[in-house]
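Step one of this worksheet: look at the structure below.
By convention in this document, chain letters (A, B, ...) are assigned in the order of the sequence lines, proteins followed by strands, and residues within each chain are numbered from 1.
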Amino acid sequence: MSFRRAMRRGSFVLLVWAFNLFVLWAVAWAIFHPDVQTVILLAAASATVAALAAWAFAREAITGMTADREPGTIQDSSYATALAGVAIIGLALSTTMGPWLAYGSGGALVVALAGLARERRAARATLDEVRRADPVARTQPDHEAERRALEQTFRR
Amino acid sequence: VSTVVRPAPPRARLVGLVSSTDHKHVGLLTIGLAFVFFAVAGLLAMLMRAELAAPGLQVVSDETYNQLFTIHGSTMFYLFASPMAMGLGLYFVPLQVGAAQVMWPRIALLGWWLLLGAGLLMYAGFLVQGGAGKAGWFAFDPLSDDVGTPGTGQDLWTLSVILAGLSGILHAACLLATVVRRRAPGMTMMRLGLFSWGEVVATLMILVAYPALIVAMTLLYVDRTLDVAVYENPGGPIWYQHLFWFFGHPVVYVVFFPFLAVVAEVIATSSRKRFFGYPFMVGSFLVFAALSVAVWGHHMFTTGAVQNRYFSLTTTSIAVVAGIEYFDSLGTMWRGKIRFRSSMLFALGFLAIFLIGGVTGIFIASPPLDYHVHDTYFIVGHFHYTLFGGTVFGLFAAVYHWFPKVTGRLLDERLGRLHFGLMFVGALLAFMPMFLLGHAGMVRRIANYPAESGWTGLNVLASVGAYVILASLLVFAVNLLRSLRVGPPGGDDPWDGHTLEWATSSPPPLHNFDVLPPVRSYAPLMDLREEEWRRR
């Protein structure tokens with residue numbers, strides 16, 4: 001596969017970036033012999049991005065190069081997430097304000113996590129409902145039909 | 001694409017907004033919050049410039065001045081610039097890549113809540129005994145430990161920075177995953193809009209650099225509040241500086257790349273041409289971003305604890321890749337039929353102002369010159385040209401460009417030009433004297449200076465410039481409020497845009513697109529228009 005063709009993939013872009021960082025680390029280590037902190041931080045940066053690239057490669061291998069083709073749900077709100085945010089702020093503040101805030105915030109976080117689990121179940125149930133209603137539902141658009149529709153928009 | 005819409009239960013508007021997982025709402029909330037912090041940090045800057053307009057202490061005490069510059073810098077970096085870059089990304093990246101939503105929308109919303117918490121904690125410092133954090137936005141140890149800066153204000157500042165860092169990581173993860181996993185069919189990486197590319201490299205830098213900040217700040221917090229001497233060993237302060245600057249320099253580019261990319265899109269759209277040298281621009285983004293992770297040591301030249309030759313080389317190399325970006329932008333304008341709208345004026349202002357910041361950056365990439373101007377107002381001038389040019393001008397280019405997409409209305413062009421003119425003149429007046437002051441020896445972070453130093457005239461000039469910038473922002477506020485109420489309708493695509501966000505309604509629906517055009521290049525809407533022209 002040519003470099004140009006490979007650059008179409010998100011995972012390959014991450015790999016290229018990890019390689020860039022690796023080169024910078026190698027040049028520093030082999031030629032300039034810097035302090036240990038510089039060597040560790042550059043190596044950690046390169047390794048982090050390489051790990052991200054591995055994750056992206058794995059996802060692409062499982063589900064394809066671009067968008068997930070399976071139908072999904074778009075949820076427009078999450079009270080549980082908002083509560084989780086408040087709880088985390090409370091927990092952070094409790095290290096200065098005292099344990100009383102930690103108890104309250106910890107309780108709120110538990111409630112928020114339960115709420116998130118409930119939202120997840122509801123999303124799955126909705127998706128099952130959609131699949132039952134339209135078994136061949138897919139998100140792959142018909143390019144030609146869409147192009148014609150858009151041209152109509154431009155003409156208007 | 002079929003969309004089933006299930007009506008949501010009625011709820012209060014504000015509650016609905018702050019619990020919304022629609023990426024456009026989360027993006028707008030983040031942008032709005034960042035603008036609030038920008039305004040507050042700007043007011044702190046006005047207080048500082050009022051104090052510095054004359055020798056002696058007239059407005060604030062030394063102690064208060066320390067808090068002002070600490071919270072000003074911290075707000076601008078942690079609460080304004082970086083969240084603004086992510087907020088714009090949260091709104092526009094899913095639209096540009098043709099996605100129905102952002103990946104992990106709840107995590108994006110959680111990121112906003114953490115940002116709000118970070119802001120509240122940082123400013124809560126003004127309410128506690130001893131005042132807010134006052135060890136600078138960098139909080140070097142041992143200045144920032146419990147002996148150097150005692151008090152709850154500095155504790156709150158440290159917690160606030162940890163929360164802001166976490167918020168940035170969460171937003172970056174959502175954006176990067178959206179680009180990698182949610183692109184529309186046909187949208188390969190080499191067909192991404194430039195803004196999306198800018199966000200990709202910014203998120204990569206965040207995911208690499210922000211963990212270092214969180215580690216540094218968590219250890220600092222432990223050092224301050226528990227009886228554990230984390231940084232008190234002989235190499236401790238140098239370790240802190242390494243960790244901090246490993247975050248602190250990339251963040252300068254985190255708040256630069258998305259805005260550079262907006263400017264590139266504005267230039268291409270306003271020049272009515274495809275962006276010149278797209279693959280080279282993308283390549284320069286990737287190399288520039290990697291280099292910017294390997295330059296942090298130039299902040300530590302004077303410590304003698306880093307390999308100056310390596311960091312000088314990597315820092316100077318940045319000029320080469322930055323040159324490609326300037327060359328491509330100029331190449332796009334070359335023989336274009338340029339429309340000088342407000343967004344284009346801000347894009348040109350971005351190139352001019354950032355150039356001054358960039359060129360002076362090359363000066364201080366040289367250790368001998370850096371030794372001369374280290375910790376002086378020369379550095380303050382340099383980074384204000386870099387950040388004000390690279391972030392604020394780019395931000396307003398984005399605002400004038402995308403306002404019609406977000407609201408369906410146009411901003412007033414005459415007020416926009418006035419806004420640009422005042423801001424451009426203000427930036428030159430405010431920051432240029434700082435180079436001369438720094439060269440003359442005026443050090444940073446002082447509230448007072450001797451009358452016989454000869455610095456008064458240049459300081460007055462800088463203060464006048466700061467107030468001209470304030471005037472320009474008031475003009476913008478008037479324009480914004482007026483246009484939101486009575487601005488003329490902008491339509492779906494008022495500028496003949498190139499990228500996918502212009503293929504949907506203004507504002508876009510919850511699911512973003514009813515139909516997607518075929519994607520055959522990084523300018524799919526231009527492809528369609530060209531096809532139409534050829535057919536005629």
Under 4.5 Å heavy-atom distance to chain A, tell me which part of [X] shows up: side chain, backbone, both or neither.
X: V179(B); result: neither
X: S160(B); result: neither
X: W296(B); result: side chain
X: I162(B); result: neither
X: A289(B); result: both
X: L159(B); result: side chain
X: L156(B); result: side chain
X: L121(B); result: side chain
X: W197(B); result: side chain
X: T152(B); result: side chain
X: Y310(B); result: both

With a 4.5 Å heavy-atom cut-off, do M205(B) and F247(B) have their side chains touching?
-> no
Relative to the ring of H298(B), is the ring of H249(B) parallel (under 30°), tilted (30 to 60°) or perpendicular (over 60°)?
-> perpendicular
Parallel, tilted or perpendicular for W29(A) and W25(A), by the 30°/60° rule?
-> parallel
Quick one: salt bridge (charged side-chain N to carboxylate O under 4.0 Å, His left out) pairs with a partner in residues 102-113 of chain A, sequence neighbours left out?
-> none
Segment of L14(A) engaging chain B (4.5 angstrom heavy-atom cut-off) | side chain
Within residues 33-48 of chain A, which positions have a heavy-atom distance to chain B below 4.5 Å?
-> H33(A), P34(A), D35(A), Q37(A), T38(A), I40(A), L41(A), L42(A), A45(A), T48(A)
Residues of residues 93-106 of chain A under 4.5 Å from chain B (heavy atom pairs)?
-> L93(A), T95(A), T96(A)
Salt bridge or not for R535(B) and E530(B), using N-O below 4.0 Å?
-> no
Below 4.0 angstrom, N of the basic side chain to O of the carboxylate: do R529(B) and D493(B) qualify?
-> yes
Mind listing the side-chain donor-acceptor pairs of residues 116-123 of chain A below 3.5 Å, one per line with the distance, residues two or more places apart or on another chain?
{"from": "E119(A)", "atom 1": "OE1", "to": "S78(A)", "atom 2": "OG", "distance (Å)": "2.8"}
{"from": "E119(A)", "atom 1": "OE1", "to": "R106(B)", "atom 2": "NE", "distance (Å)": "2.8"}
{"from": "E119(A)", "atom 1": "OE2", "to": "S78(A)", "atom 2": "OG", "distance (Å)": "3.0"}

Does L286(B) offer a backbone N or O that forms a donor-acceptor pair with the side chain of W17(A) under 3.5 Å?
-> yes
